[in-house]
Amino acid sequence: MERSNYFGRVGSRWHSSVSAKLLCLTSILLLLTISAFFWVSSAGIDSQRPPTFQRSHEWEKRVRQSCLPRREDNPLVVLVTGAAGFVGSHVSLALRKRGDGVVGLDNFNSYYEVSLKRARQELLAKHSVFVIDGDINDKFIIESILEAVPITHVMHLAAQAGVRYAMQNPQSYIHSNIAGLVNIFEVCKAANPQPAIVWASSSSVYGLNTKVPFSEADRTDQPASLYAATKKAGEGIAHTYNHIYGLSITGLRFFTVYGPWGRPDMAYFSFTRDILKGNPISVYSGAGGKDLARDFTFIDDIVKGCVASLDTAEKSTGSGGKKTGPAMLRVFNLGNTSPVTVPTLVDILEKHLNTKAKRQIIKMPRNGDVPFTHANISSAQAQLGYRPTTNLDTGLKKFVKWYLSYYGDNTNRRLWVGNHEKII
Ligand SMILES: O=C(O)[C@H]1O[C@H](OP(=O)(O)OP(=O)(O)OC[C@H]2O[C@@H](n3ccc(=O)[nH]c3=O)[C@H](O)[C@@H]2O)[C@H](O)[C@@H](O)[C@@H]1O
């Protein structure tokens with residue numbers, strides 16, 4: 001055999017075995033690259049988890065304990081978002097006290113003093129309600145909660161509230177009231193079984209309407225603030241998730257809610273603080289010097305409306321994102337049906353604080369405020385048995401009692417107002 005041929009043949013055999021090895025090596029390398037790519041990208045999804053949140057057995061145990069019902073007759077198992085907030089903490093407490101399972105979620109942001117939110121969290125912990133530190137935009141946390149326990153209802157109260165702040169920080173309203181709401185709906189529609197949802201809309205959707213009292217069937221095309229616009233958008237988004245995925249959704253249009261453990265950014269609260277400190281208060285007046293008015297609604301009445309909405313919410317009809325039939329979609333006014341002017345609010349505060357206010361009457365700034373609100377609650381009365389019982393004088397007396405016990409009548413405490421801290 002010619003050497004050259006031999007080597008030729010050997011060479012060609014050698015070449016073919018080398019190329020086979022090379023091919024094999026390349027495909028292994030290719031396989032490794034592809035799997036590495038998927039591992040990294042999945043790691044990328046995992047690494048998107050908030051560094052603070054780790055789903056552990058200890059965490060799951062705390063969630064399950066918090067959701068363990070304490071009554072037999074059809075207890076609810078409710079995820080309350082915004083549970084360290086004003087309405088959220090009251091609703092969580094009411095549900096837990098009657099024996100439902102409750103777990104909370106709150107991002108403890110600094111829109112107002114975080115210490116007040118932590119104090120509400122401590123109060124809930126004393127009643128075995130676990131409030132998880134987390135943001136409604138974090139899909140992983142919400143999926144983890146729904147996987148850890150059979151959540152039957154989501155009471156979605158987490159939001160960027162406040163009509164006037166929207167002019168300072170518009171993005172915060174998109175982040176919480178649009179993106180956050182969609183995220184809640186997204187996780188719920190994919191859950192199996194899908195929970196029913198009750199969420200906080202707002203009386204501000206009535207905007208510049210002049211027909212009073214405001215009814216749910218009225219057009220709501222004139223929002224006066226970005227806040228109101230995000231709440232109106234939320235109602236449209238709710239319709240979409242109900243229509244496509246069969247989510248049972250109830251929207252609640254709250255009317256200027258006030259009471260103990262309230263929000264320091266609201267007038268009744270900030271007026272109280274400033275009256276006690278001897279600081280002037282700005283009382284806005286409307287066109288032609290007309291007094292502004294609100295249908296102020298006491299927190300205990302609002303809580304009854306929230307709980308009745310949960311109790312009457314029909315099940316969602318979807319399963320794992322697929323709708324199997326028409327689902328409940330509702331919107332209710334939760335107000336007091338008796339508007340009171342802002343100057344009268346100040347009169348009542350002066351009486352209960354036994355201190356004269358230093359009033360500065362100023363023209364209502366173009367800040368998203370509306371001249372008045374007034375709720376027609378016949379729909380909530382008929383379908384929820386909602387009947388508000390606390391008038392403003394009685395409610396503010398209870399608020400002032402709480403305020404003085406929590407802050408003391410003149411102690412220097414650090415308060416977050418807007419996004420800066422100040423001594424009150
Ligand atoms: O009904 C609602 O849905 C809304 O009620 C309140 O919004 P608002 O009615 O503006 O409540 P406050 O900020 O407490 O204002 C109450 C009244 O006091 C007036 N005001 C406010 C602040 C101030 O310094 N002076 C003043 O006269 C406002 O114009 C308004 O007429 C809440 O802040 C919103 O989150 C909620 O969505």
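In this text the structure is predicted, and so the values were computed from the model without any measurement. Start at 1 and go down the list; that is how both ligands and their atoms are numbered. Nothing fancy with the numbering, it's 1 onward along the sequence.
Donor-acceptor pairing under 3.5 Å is lacking for the side chains of Ser309 and Arg330.
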* Asked: Taking it one step at a time, do Asp347 and Arg359 satisfy salt bridge (Lys or Arg N to Asp or Glu O under 4.0 Å)?
  -> CA-CA 11 Å; Asp347 295 344; Arg359 303 182 198 213; 2.5 Å; yes

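Annotation for Gln360: atom CD counts as buried by contact number, over 12 foreign heavy atoms lying within 6.0 Å. Counted within 6.0 Å of CG on Asn192, heavy atoms from surrounding residues, nucleotides or ligands total more than 12; the atom is thus considered enclosed.
The 4.0 Å heavy-atom shell around ligand 1 contains residues Ala161, Gly162, Val163, Arg164, Ser202, Ser203, Ser204, Tyr227, Phe254, Phe255, Thr256, Arg263, Met266, Ala267, Phe271, Ser282, Val283, Tyr284, Leu292, Arg294, Val342, Asp369, ordered by chain and number.
Ring centers of Tyr268 and Phe296: at least 6.0 Å apart, outside the cut-off.
Of the candidates Gln194, Glu186, Lys189, Glu186 is the only one forming a side chain to side chain donor-acceptor pair (under 3.5 Å) with Tyr241.
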